[in-house]
Amino acid sequence: MPKLKINGKDVEVPAGATIIQAYKASGQDICHYCWHPGLSVAGVCRLCMVQVEGIPKLQIACNTEAKDGMVVNNNSEMVKETVKWGLDFHLINHPLDCPICDQAGECGLQDQYMQFGAYDPEMAEQKVKKSKVVDLGPTVVLDSERCILCSRCTRFCDEVTKTSELGIFNRGDHSEIGIVEGKPLNNNYTLNTVDICPVGALTSKDFRFRQRVWYLKEADSICPGCSTGCNVKVHYNEEGLWRVKPRVNPDVNGHWMCDVGRNTYKYVNIKNRLLAGKVGRRDSWMEMSPNDATRTAGMRLKDVVDKHGPESVALVLTGQYTNEEYKDLLVYFVTGLKLKNIFHWVNNPEKLNDFDGLLFRGDRNPNTKGLEAALKLAGSKGRWEDLQAGLNGKKIKAVVVAGPEDQSVYPDMNEKVALFAQADNLVWFTACPSDALNGSGAETWQIPVKTHAEKAGTFTNFQGKEQKFPLATTIVPQALTLSEAAEVLAGKELNWALRPKSLGGAKNNYATTERGAL
Amino acid sequence: MFTLSAEGQELVKKELTRYETPYSAIIPALYRVQKENGWVPEDAVLHLSQLMNLPASHINEVLHFYTMFNKKPVGKLHIQVCTNVSCAMNGGRELADALCKRFNVKYDEVSADRKITISRVECLGSCDTAPMMQVNDRYLENLTPELAIKKITEMGG
């Protein structure tokens, strides 16, 4: 393991590491654009200049291997001057349209210029004009003028997705990122190119012009889109969630996440949510608070158990909730109501083991493994045939369902509602309203629950890795978590003082439904 | 969609085996397209992409990097007049203007009879014989406007 001195600080790096990696390891700043830890080395931006003792000319840190005994610095006048001019050259043709640029606030060019720039540019040349709106595909827009040709996006498409949609066409200051006509940038990972673009050249159609990034807060979370459980950050304000971005975790998702996962903010927002409890059946519904709805449902369940015994109630769980919630809910149903009929609703069994080779898995539940473990612990042997037989034979009088948060990944929703509604009573916990449920013929309780962003908890991903996540924000304050619901079902009062408050009047986020177009 | 002739496809396949990386075969492949078609149409890139099993974007990168590939139709005689230093000092630019006037065509456009396209280009490496021009594959050197017009007419312009 080579040991070297970086700006006077001793650093030890793994063999084969480059100087820029040593800089990152030592926690010191170094100006760079084209280098990205998840991609190959291009060495095109020429900004990560360092002075290595014994080498007369400056070297680029990203493509120079760190060797034992090297003495490196990037704070000498020579380096500073070079980087300053390098940045100025990058800005020759870069438009100064930061006020209308979506990247402003999280822009590499802005940040680095503030830190390393010349401040008094001497470039008097006319800027080369290029196209400002190039439609690259269904998700990404290109502003050619802003592009500094770092080639991160083309390398991403070559190396990570291996789809090679993007290329750099033409030469010199005519160079532009582009696609070949008829081959749009259309894969499940396109929005990563927007993340790694250090300037505002690539922007997301879904997010652009919607929010200024400095008004958004961010919180760590886990993507609920599939069983991979990518580590993400959700960006939100008082109107709800606005976007999801990946967080680095080499064990799970590396630097990336998929476009499907980025859409998971949508169903969380207030416009798509079930806001009040609904009790009734087809065409006749009564609204009540989620708390009251749960309490009445709990009383009904107790009645059914008292009259017909614990075999007459079935609990159906989906892999969309946290380990903590499963535990609390099962404690009530297994030890409280002595239930044995506990079932695992698998939404698309034929696709369950699909995997696209990168991140996206066919199991569209974040916590299938966690649910399986919880069911095993509870001693459940529920087989789906038993449930069907019990319902057909009218032995099961009540079904309790912890339904999917995101119904779009449950293609069998209508079918299952029809099946469960054969029982006389149906208690359904759901985050989003469902047309299928509104047509239920059984006496039905629809009880709004919290989404992953509104509660702290743990998901167990496909590897069996338990990943904790904190509460990000509260969008529907009256909704319950399954843990709270279990308490209310058992007839306990919730501790209102501990209930999360909304972060300030959650408004209808108009953009939730109107986004995704150019 | 543009497709290469059977021989052309054969040649491209052979080129693919000649180099360490298949990417090196892109230039000969594009030249073959230009030879068969006079210029390289957009969809030829998709054709080559299938034929060579390479991403279309990377073929397009090569095509657009080099000005020697014609991205628009050219006349039967593509006349490239050098206007770099030596030729310019010896009347290359005037020569090019005179040709445009004589054949009634603007730079980089195709004449009405589809016979002629005139371009101004950078150094063709024949500075000792300035001014000079390249007509398709042929160098014509030590020119005057009159001489150039005469030669072009002889070649069928």
Side-chain angles (χ1 to χ4, degrees), chain A residues 34 39-40 42 44 128 130-131 134-142 144 147-190 192-193 196-197 201-202 357-358, chain B residues 1-4 12 16 19-27 29-34 37 39-74 80 83-84 107-108 119-125:
Chain A
C34 68
L39 300 171
S40 66
V44 292
V128 176
K130 289 180 194 169
S131 178
V134 183
D135 196 356
L136 292 183
T139 50
V140 181
V141 191
L142 165 70
S144 284
C147 175
I148 55 160
L149 298 165
C150 69
S151 81
R152 277 182 178 185
C153 54
T154 59
R155 277 179 284 148
F156 177 83
C157 291
D158 285 345
E159 294 163 14
V160 181
T161 60
K162 303 200 167 55
T163 43
S164 301
E165 291 103 335
L166 294 175
I168 299 176
F169 306 139
N170 283 319
R171 246 180 328 166
D173 63 4
H174 296 289
S175 301
E176 274 182 59
I177 298 284
I179 47 166
V180 177
E181 218 176 282
K183 300 238 168 197
L185 179 61
N186 189 4
N187 58 58
N188 193 16
Y189 295 88
T190 55
N192 289 304
T193 61
I196 58 179
C197 182
L202 296 178
L358 267 171
Chain B
M1 193 169 98
F2 172 84
T3 44
L4 279 171
V12 170
L16 276 173
Y19 309 99
E20 258 175 53
T21 144
Y23 286 95
S24 303
I26 294 176
I27 288 181
L30 285 170
Y31 258 125
R32 180 69 197 196
V33 173
Q34 179 148 310
N37 195 50
W39 61 292
V40 186
E42 279 279 311
D43 53 8
V45 171
L46 297 178
H47 170 61
L48 287 183
S49 164
Q50 281 168 9
L51 187 66
M52 305 169 77
N53 196 19
L54 292 174
S57 60
H58 293 336
I59 297 175
N60 214 28
E61 279 178 338
V62 176
L63 170 63
H64 284 265
F65 188 89
Y66 294 106
T67 48
M68 294 80 176
F69 294 119
N70 302 319
K71 267 97 36 190
K72 340 184 267 196
V74 292
Q80 303 179 66
T83 53
N84 209 293
Y107 286 119
D108 299 320
S119 312
R120 285 165 56 145
V121 298
E122 301 306 331
C123 188
L124 291 169

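Chain letters run A, B, ... following the sequence lines, proteins first, then strands; residues in each count from 1. What you see below is based on every heavy atom in this structure, not just the backbone, and it leaves out hydrogens, waters and symmetry mates.
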Exercise. Checking B:Leu54 against chain A: side chain, backbone, both or neither under 4.5 Å from a heavy atom?
Worked result: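 Contact with chain A: none, neither part.
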For this session: Determine, stepwise, if the pair A:Thr139 / A:Thr190 fulfils side chain to side chain donor-acceptor pair (under 3.5 Å).
Result: CA-CA 7 Å; A:Thr139 50; A:Thr190 55; 2.7 Å; yes
Exercise. If contact means a heavy atom pair closer than 4.5 Å, which residues of residues 173-184 of chain A contact chain B?
Worked result: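 Under the 4.5 Å heavy-atom cut-off, A:Val180, A:Glu181, A:Lys183 qualify.
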Problem set entry | Residues in salt bridge (Lys or Arg N to Asp or Glu O under 4.0 Å) contact with B:Arg32, at least two apart in sequence or another chain |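 Testing B:Arg32 for salt bridge (Lys or Arg N to Asp or Glu O under 4.0 Å), a comparison that skips the adjacent residues, returns B:Glu36.
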Exercise. Could you walk me through whether B:Tyr31 and B:Phe69 pass the ring pair (Phe, Tyr, Trp, His ring centres under 6.0 Å) check?
Worked result: CA-CA 7 Å; B:Tyr31 258 125; B:Phe69 294 119; 5.0 Å; yes
Problem set entry | Sequence-distant partners of B:Ser119, side-chain contact (heavy atoms from CB on, under 4.5 Å), two or more places apart |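 Applying side-chain contact (heavy atoms from CB on, under 4.5 Å) to B:Ser119 gives B:His78, B:Asp108, B:Thr117, B:Val121.
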Exercise. For B:Tyr66, does the OH atom have more than 12 heavy-atom neighbours from other residues, nucleotides or ligands under 6.0 Å away?
Worked result: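 No, not enclosed.
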For this session: Go through the atoms of A:Ile168 and report whether side chain, backbone, both or neither lie under 4.5 Å from a heavy atom of chain B.
Result: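 It is both, since atoms from each part get that close.
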Problem set entry | Non-neighbouring partners of B:Glu42 that pass side chain to side chain donor-acceptor pair (under 3.5 Å), sequence neighbours left out |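 B:Glu42 satisfies side chain to side chain donor-acceptor pair (under 3.5 Å) with no other residue.
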Exercise. Donor-acceptor pair, A:Asn187 side chain versus A:Tyr189 backbone, under 3.5 Å?
Worked result: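 The answer is yes, because a donor-acceptor pair under 3.5 Å joins these two groups.
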